[in-house]
Participant: 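Handing you a structure now.
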Amino acid sequence: MINTLNLVIADIDGTLVRDDHILSDETKHVLNTLHDHGILLGLASGRSVLQLKQRSISEWNLSFSFDVIIGLNGGEIFDTKSNHLESIDPLSPSSIKDVVTMMSPLNLNPFLYRDNKMLAQHLDKGTQSSSERNHQAVEIASDISEMWNTSAAKVMFRVTEAQMPEVEQWAKTHPSPFYQSIKTQTTMLEFMSPNVNKGNALSKYSKYASIPLETMMSFGDMSNDNELLRTAGWGVCMKNGSSDAKASANDITEYTNNENGFAQYIASNVLPVFCK
């Protein structure tokens, strides 16, 4: 365990919230307690900063604003104190074209974020559900080339859990120095620039805010959290996390996200030490 705690930053899906996307009262309580004791709080997610700000305000009804938000898996950093938003190394149009073309034999539905909307090749149940859940409009590309008419932070593909091994393997057998693929959920594969990850974004924030990394604690559950877990002074993976995320962490929660694992860990290991 670290000796000084200045910041707690966590992934959302599979970590802070249950599988039904609800932030429990227990989790709200420990977040409010940390905030009341002067510990900074952050979110690190695959969603955009705008989505995360809206969600934390409208759905969670917390008494505070998060101090830092890392969006798009490290493609965006927002510092609440200075109201500064920074975009990091988006995919070029040519890289987006390469990804969409390379993945086309799998007959999936590529989508990306642009102008605060989802741009998809076609509308399906997964896209519709995501749009409704995140209160984000969907646009359907009139032509597939519309997907790469400008840069974007990432390209995403929603698949079934049964499909994921085949889809992951396909991506691994088509590597590129211009993009990387990473599983961000059990049903989501994303493509981003090679230097984009939550850990690099946390390092940038550490320098920007003059907060040492060794005084930060991070929580996550999937492969896209690996660098976040490694970069913070103390990284904690959820019990429900992937094997590689667990290997990247300093500790693992005793309970899953559906059992208030984050809240239980904070209440047992953090509050008694740093919030006396």
Side-chain angles (χ1 to χ4, degrees), residues 1-45 52-53 55-70 77-81 198-199 201-203 205-206 209-222 224-242 245-276:
M1 181 66 72
I2 55 181
N3 296 319
T4 302
L5 180 62
N6 286 325
L7 170 73
V8 172
I9 186 166
D11 171 56
I12 298 178
D13 295 305
T15 303
L16 270 188
V17 301
R18 304 187 308 237
D19 288 347
D20 59 5
H21 307 291
I22 298 297
L23 188 75
S24 71
D25 290 340
E26 292 85 352
T27 301
K28 291 180 183 180
H29 174 71
V30 298
L31 288 172
N32 279 315
T33 302
L34 290 169
H35 172 73
D36 290 344
H37 283 79
I39 295 171
L40 301 179
L41 296 168
L43 298 174
S45 172
L52 297 174
K53 288 171 65 179
R55 184 174 187 180
S56 61
I57 292 171
S58 64
E59 296 182 26
W60 293 349
N61 195 29
L62 295 168
S63 62
F64 61 87
S65 296
F66 285 89
D67 299 282
V68 58
I69 299 176
I70 293 173
I77 308 172
F78 177 73
D79 177 58
T80 301
K81 183 178 180 180
K198 295 179 182 180
L202 188 64
S203 294
Y205 175 72
S206 170
S210 297
I211 301 173
L213 288 169
E214 57 266 26
T215 67
M216 299 181 181
M217 182 179 293
S218 62
F219 289 79
D221 71 304
M222 291 298 292
N224 62 320
D225 299 316
N226 290 356
E227 295 304 322
L228 180 74
L229 297 172
R230 294 188 187 111
T231 301
W234 191 257
V236 183
C237 184
M238 304 300 293
K239 181 180 179 180
N240 50 281
S242 62
K246 290 177 179 177
S248 301
N250 299 102
D251 205 356
I252 300 170
T253 63
E254 293 185 30
Y255 302 93
T256 70
N257 65 308
N258 290 321
E259 301 167 318
N260 292 314
F262 171 86
Q264 295 273 12
Y265 189 92
I266 293 291
S268 299
N269 300 283
V270 178
L271 300 188
V273 178
F274 299 107
C275 300
K276 295 180 181 178

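Bear in mind that the values here come from a model prediction, so they are computed numbers and not experimental data.
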Participant: Measure the CD-CG distance between Q264 and N269 for me, rounded to the nearest 0.5 Å.
Facilitator: 10.5 Å

Participant: Using a distance-only test with no angle check, is there a side-chain donor-acceptor pair under 3.5 angstrom linking D67 and T80?
Facilitator: no

Participant: Could you report the tightest heavy-atom contact between Y205 and D79, atom names first, then the distance?
Facilitator: CE1-OD1, 3.4 Å

Participant: Would you give the length of the straight line joining atom CG of L62 to atom NZ of K28, rounded to the nearest 0.5 angstrom?
Facilitator: 6.5 Å

Participant: To check you understand the geometry: which heavy-atom pair defines the closest contact between S210 and P212, and what is its length?
Facilitator: O-CD, 3.9 Å

Participant: If we only count heavy atoms from C-beta on, is the M1 to V273 side-chain gap below 4.5 Å?
Facilitator: no

Participant: Do T231 and L213 have side chains that approach each other closer than 4.5 Å (heavy atoms only, starting at C-beta)?
Facilitator: yes

Participant: Just by modelled atom types, is the I12 backbone N or O under 3.5 Å from a matching donor or acceptor in the T15 side chain?
Facilitator: no

Participant: List the steps, then state whether side-chain contact (heavy atoms from CB on, under 4.5 Å) holds for L16 with L43.
Facilitator: CA-CA 9 Å; L16 270 188; L43 298 174; 3.6 Å; yes

Participant: For the OG atom of S45 and the CG atom of L52, what is their distance to the nearest 0.5 Å?
Facilitator: 4.5 Å

Participant: Keeping N240 on the side-chain end and N257 on the backbone end, is there a donor-acceptor pair under 3.5 Å?
Facilitator: yes

Participant: Which value, rounded to the nearest 0.5 Å, describes the distance between L229 atom CG and S248 atom OG?
Facilitator: 6.0 Å

Participant: What's the verdict on side-chain contact (heavy atoms from CB on, under 4.5 Å) for L31 and L41, showing C-alpha distance, side-chain angles and the deciding distance?
Facilitator: CA-CA 8 Å; L31 288 172; L41 296 168; 4.2 Å; yes

Participant: Could K239 and D221 be called an ion pair, given the rule that one side-chain N must be under 4.0 Å from one carboxylate O?
Facilitator: no

Participant: Please answer whether the main-chain N or O of G199 pairs with a side-chain N or O of S203 as donor and acceptor at a distance below 3.5 Å.
Facilitator: yes

Participant: Hey, does I70 have a side-chain heavy atom less than 4.5 Å from the side chain of I9?
Facilitator: yes

Participant: Only one of M217, M216, H37 clears side chain to side chain contact (heavy atoms under 4.5 Å, CB included) with L5; which?
Facilitator: M217

Participant: Begin with the C-alpha distance, continue with both residues' side-chain angles, and end with the deciding distance and a verdict on side-chain contact (heavy atoms from CB on, under 4.5 Å) for D11 and M222.
Facilitator: CA-CA 9 Å; D11 171 56; M222 291 298 292; 5.9 Å; no

Participant: I need the single residue from I39, I266, V30 that forms a side chain to side chain contact (heavy atoms under 4.5 Å, CB included) with C275. Which is it?
Facilitator: I39

Participant: Report the residue from T256, T253, N258 that forms a side chain to side chain contact (heavy atoms under 4.5 Å, CB included) with M238.
Facilitator: T253

Participant: Can the ring centres of Y265 and Y255 be said to be less than 6.0 Å apart?
Facilitator: no

Participant: CZ of F66 to CH2 of W60: how many Å apart, nearest 0.5 Å?
Facilitator: 5.0 Å

Participant: Please answer whether the main-chain N or O of L202 pairs with a side-chain N or O of S206 as donor and acceptor at a distance below 3.5 Å.
Facilitator: no

Participant: Provide the closest heavy-atom pair for F219 versus V8 in the form atom of the first, atom of the second, distance.
Facilitator: CE1-CG1, 3.9 Å

Participant: List the steps and the verdict of side-chain contact (heavy atoms from CB on, under 4.5 Å) for F262 and V236.
Facilitator: CA-CA 9 Å; F262 171 86; V236 183; over 6 Å; no

Participant: Determine yes or no for a side-chain-to-main-chain donor-acceptor pair under 3.5 angstrom, with T27 supplying the side chain and L23 the backbone.
Facilitator: no

Participant: Taking 4.0 angstrom as the limit, do R18 and D20 come out as a salt bridge?
Facilitator: yes

Participant: So how far is it from E214 CD to N6 CG, rounded to the nearest 0.5 Å?
Facilitator: 9.5 Å

Participant: Closest approach of P272 and A267, non-hydrogen atoms and distance?
Facilitator: CD-O, 3.2 Å

